[in-house]
Asker: 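The structure under discussion is supplied below as structure tokens; questions concerning it will follow.
The first residue of the sequence shown is numbered 1, and numbering continues consecutively from there. These figures come from a predicted structure and were not determined experimentally.
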Amino acid sequence: MSDIQEATNQLLDVNLHENQRFVPKTEESDTKDEFEHLHVTIGATVPTGFEQTAADEIKEKLGSSCKISKDRGKIYFDISVESLAQVHCLRSVDNLFVVVEEFKDFQFKKTKEEALKDFEDLAGKLPWSDPLKIWEINTCFKKKKTKHKKMNVNSSKQKIVNGQGDKLDERDDKGFIDNALDSHILDYYENPAIKEEISTLVGDDLASSKSENDEHSKAETEPQVLKFRVTCNRAGEKHCFTSNEAARDFGGAVQGLFKWKADMTNFDVEVLLNIHNNEMVVGIALTEESLHRRNITHFGPTTLRSTLAYGMLRLCAPQPTDIIVDPMCGTGAIPIEGATEWCNCYHIAGDNSPLAVKRAADNISSLLTKNQVKEGKHSWGLPIDAVQWDSCNLPLRTGSVDIIVTDMPFGKRMGSKKRNWNLYPACLREMSRVCRPGTGRAVLLTQDKKCFAKALSGMGHVWRKVHTVWVNIGGLHAAVYLLKRTPQAFVHCSEQDEQRGTPW
């Protein structure tokens, strides 16, 4: 069963009466009908420049049309509640939120006092009901998913125990984990990027059933007050207020409306106030951390986001049986994302640094372990290999590669601008050798645009630039270039010299 199907089934199994703080008390069948016909607008943040790529994925997987915001890096689309789990399985989005209200031309007052007073008055006028229902379902779904993961881990443990013919009591649980899991798995547990997995797979598993029952009984007897915070993201120069001031005054009105408790760190609900010039969107966050944190557990100095890696791969439209190579893979973010989403292709991750290759191999091992824990059975692996090589002298046959996707050195954290003047032409030439003439393509990310343009200008006979996507990488203005391999066969330098010296 695919991740999307599994997540959808879990969502539809959620008890919609688990939390009744916002849902009217009606008959169960009426409540289910009400939720099943619920339609809302979802907002998503995506890597800047890849808004259209994300819109194409949503159209393909959800059948929903997207509206790309003027505020770069944001898109909006309508869904029914049944598609909520599938939204969380999208590969191109970073964060999700449900839209409470969108104002295309909000008239902000000229003075700070009047503008902030408008924020206070706005809270009581917004249609909170449906978005809060979606937030409730989303929260229940995440709890259900966490419980499902825990059950899979316990099931896997029981299979191992039965295979050994031994019985382990609760006191031996910790020793069992220490002895049964190898160092790769322990690295996976200890990595801070997947803190949620740690609490699910280790902390929750070691907690006693008595503590869980006590907490459950306490939650039933004591009314729980939700904690919240307001986050304001503002862009534009004509506002007479700051982001903090808008969040403070709007948050005060929200607190008065729902009687929630303000908490800037340990919050249950995050209310979003996105302002771009005269456009304003009020929303409720559906993700606690970015969805790009899914593959990488061993980080390097320039680890690429998985969402950006997906966007780069999608640009070159991989086909079944394609051979896809990342000659400068670093931690392996691009080939690992490719092997996860395009498992009918073969992916090669290579780098000249042995440390980078080791990180890539460890990330592949961690992902395999994660898949095994998730599925509760042995994983058959991924169509990917990691190898150390020289990116200017690849150990690959001429014309044997269908797609090349890589993040080239910017010359800042890795390498130098001076070295790029020699590296870029050599890499482009070697890429043209291994890429199939006529059908091969390359997607290359770089911030050193001047150096890349110079190198590409001398390769017009083998590479043709098709498209450029401008992106923001950690505050750096970078570009993703889509290149098409021309039909001209690759000619070695020695052969070119011979042809030039041959008298006619």
Side-chain angles (χ1 to χ4, degrees), residues 3-4 6-8 10-12 14 22 35 38-48 50-69 71-102 127-128 130-146 193-196 228-233 267-276 279-295 305-311 314 337 341:
D3 291 344
I4 293 178
E6 180 182 359
T8 303
Q10 291 176 22
L11 175 61
L12 295 178
V14 168
F22 303 110
F35 278 103
L38 189 60
H39 287 75
V40 293
T41 299
I42 298 294
T45 61
V46 301
T48 56
F50 282 94
E51 294 88 353
Q52 188 58 54
T53 302
D56 293 341
E57 183 196 11
I58 291 168
K59 182 67 175 177
E60 175 187 306
K61 296 181 177 179
L62 301 180
S64 300
S65 298
C66 287
K67 185 191 76 172
I68 298 176
S69 173
D71 187 8
R72 293 194 71 196
K74 291 186 177 67
I75 59 173
Y76 300 93
F77 54 96
D78 296 330
I79 65 163
S80 61
V81 68
E82 292 88 350
S83 302
L84 184 58
Q86 292 173 278
V87 172
H88 281 271
C89 296
L90 293 172
R91 313 293 294 186
S92 58
V93 303
D94 287 316
N95 290 286
L96 298 167
F97 58 93
V98 56
V99 174
V100 177
E101 185 77 32
E102 178 183 7
W128 294 98
D130 286 353
L132 284 172
K133 291 175 185 176
I134 291 295
W135 174 84
E136 275 195 285
I137 297 173
N138 186 77
T139 303
C140 295
F141 161 62
K142 288 190 294 185
K143 290 179 180 178
K144 190 87 171 179
K145 190 175 182 181
T146 300
I194 43 176
K195 185 169 59 176
E196 183 178 354
F228 85 107
R229 82 172 185 188
V230 174
T231 302
C232 180
N233 302 299
F267 51 88
D268 301 303
V269 184
E270 182 177 20
V271 179
L272 304 175
L273 199 59
N274 297 328
I275 302 172
H276 182 259
E279 290 186 357
M280 184 170 68
V281 176
V282 181
I284 300 174
L286 299 179
T287 48
E288 296 177 0
E289 65 175 5
S290 177
L291 296 178
H292 82 268
R293 298 179 179 274
R294 54 175 177 256
N295 297 333
R305 285 190 171 210
S306 297
T307 46
L308 183 55
Y310 174 86
R314 193 176 175 94
E337 181 68 21
E341 183 69 7

Asker: Please enumerate all residues that pass side chain to side chain donor-acceptor pair (under 3.5 Å) together with Thr45, with sequence neighbours excluded.
Answerer: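 Partners of Thr45 by the side chain to side chain donor-acceptor pair (under 3.5 Å) criterion come out as none, since no residue qualifies.
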Asker: Roughly how far apart are Ile58 CD1 and Cys66 SG, rounded to 0.5 Å?
Answerer: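 Going from CD1 on Ile58 over to SG on Cys66, the span is 3.5 Å.
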Asker: Measuring from atom CG of Leu272 to atom SG of Cys232, what distance do you get when rounded to the nearest 0.5 angstrom?
Answerer: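 Answer rounded to 0.5 Å: 10.0 Å.
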Asker: Do Glu57 and Thr53 have side chains that approach each other closer than 4.5 Å (heavy atoms only, starting at C-beta)?
Answerer: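 Counting from C-beta outward, Glu57 and Thr53 never come under 4.5 Å.
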Asker: Closest heavy-atom contact between Ser64 and Ile79?
Answerer: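 Taking every non-hydrogen atom into account, OG-CG2, 4.2 Å.
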Asker: Can you give me the closest heavy-atom contact between Ala44 and Phe97, atom names plus distance?
Answerer: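 That closest heavy-atom pairing would be N-CE2, 3.9 Å.
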Asker: Would you call Lys74 and Glu279 a salt bridge, taking side-chain N to carboxylate O under 4.0 Å as the test?
Answerer: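 Salt bridge flag = no for Glu279 with Lys74.
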Asker: Do Thr41 and Glu102 come close enough that some side-chain heavy atom pair is under 4.5 Å?
Answerer: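 In short, these two side chains do not touch, never coming nearer than 4.5 Å.
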Asker: Decide yes or no on side-chain contact (heavy atoms from CB on, under 4.5 Å) for Asn138 and His88, but give the supporting numbers first.
Answerer: CA-CA 10 Å; Asn138 186 77; His88 281 271; 2.6 Å; yes
Asker: Just verifying a value: how many Å separate Ser306 OG and Glu341 CD, rounded to the nearest 0.5 Å?
Answerer: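 Reported to 0.5 Å precision, the distance equals 11.5 Å.
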Asker: Would you give the length of the straight line joining atom CG of Leu132 to atom CD of Glu136, rounded to the nearest 0.5 angstrom?
Answerer: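 Reported to 0.5 Å precision, the distance equals 7.5 Å.
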Asker: Between CG of Leu291 and CG of Asn95, what distance do you get to the nearest 0.5 Å?
Answerer: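 Those atoms lie 6.5 Å apart.
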Asker: Would you name the heavy atoms of Thr287 and Leu96 that are closest together and state the gap between them?
Answerer: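 Looking at all heavy atoms of both residues, the closest pair is OG1-N, 3.1 Å.
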Asker: Stepwise, does the side-chain contact (heavy atoms from CB on, under 4.5 Å) test hold for Val282 with Trp128?
Answerer: CA-CA 10 Å; Val282 181; Trp128 294 98; 4.2 Å; yes
Asker: Where is the tightest heavy-atom contact between Arg72 and Thr48, given as atom of each residue plus distance?
Answerer: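 Minimum heavy-atom contact is NH2-C, 3.9 Å.
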Asker: Rounded to the nearest 0.5 Å, how far apart are CG of Leu62 and CD of Gln86?
Answerer: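 If I round to the nearest 0.5 Å, the distance is 5.5 Å.
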Asker: Could you tell me which non-hydrogen atom of Val98 sits nearest to which non-hydrogen atom of Pro131, and how far apart they are?
Answerer: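 Shortest heavy-atom contact: CG1-O, 3.8 Å.
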Asker: Nearest heavy-atom pair of Trp135 and Ala285: which atoms, and what distance?
Answerer: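 Closest pair (atom of Trp135, atom of Ala285, distance): CD1-O, 3.8 Å.
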Asker: State plainly whether the residues Arg91 and Glu337 are in salt-bridge range, i.e. N to O under 4.0 Å.
Answerer: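 Salt bridge flag = yes for Glu337 with Arg91.
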Asker: Take Val81 and Ile134 through the side-chain contact (heavy atoms from CB on, under 4.5 Å) test and state the conclusion after the steps.
Answerer: CA-CA 7 Å; Val81 68; Ile134 291 295; 4.1 Å; yes
Asker: Only counting residues at least two apart or in another chain, list the ones meeting side-chain contact (heavy atoms from CB on, under 4.5 Å) with Thr307.
Answerer: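 Partners of Thr307 under the side-chain contact (heavy atoms from CB on, under 4.5 Å) test: Pro47, Asp94, His292, Arg294, Arg305.
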Asker: Only one of Val93, Asp78, Leu286 forms a side-chain contact (heavy atoms from CB on, under 4.5 Å) with Ile42, so which one is it?
Answerer: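 Result: among Val93, Asp78, Leu286, Leu286 is the only option passing the side-chain contact (heavy atoms from CB on, under 4.5 Å) with Ile42.
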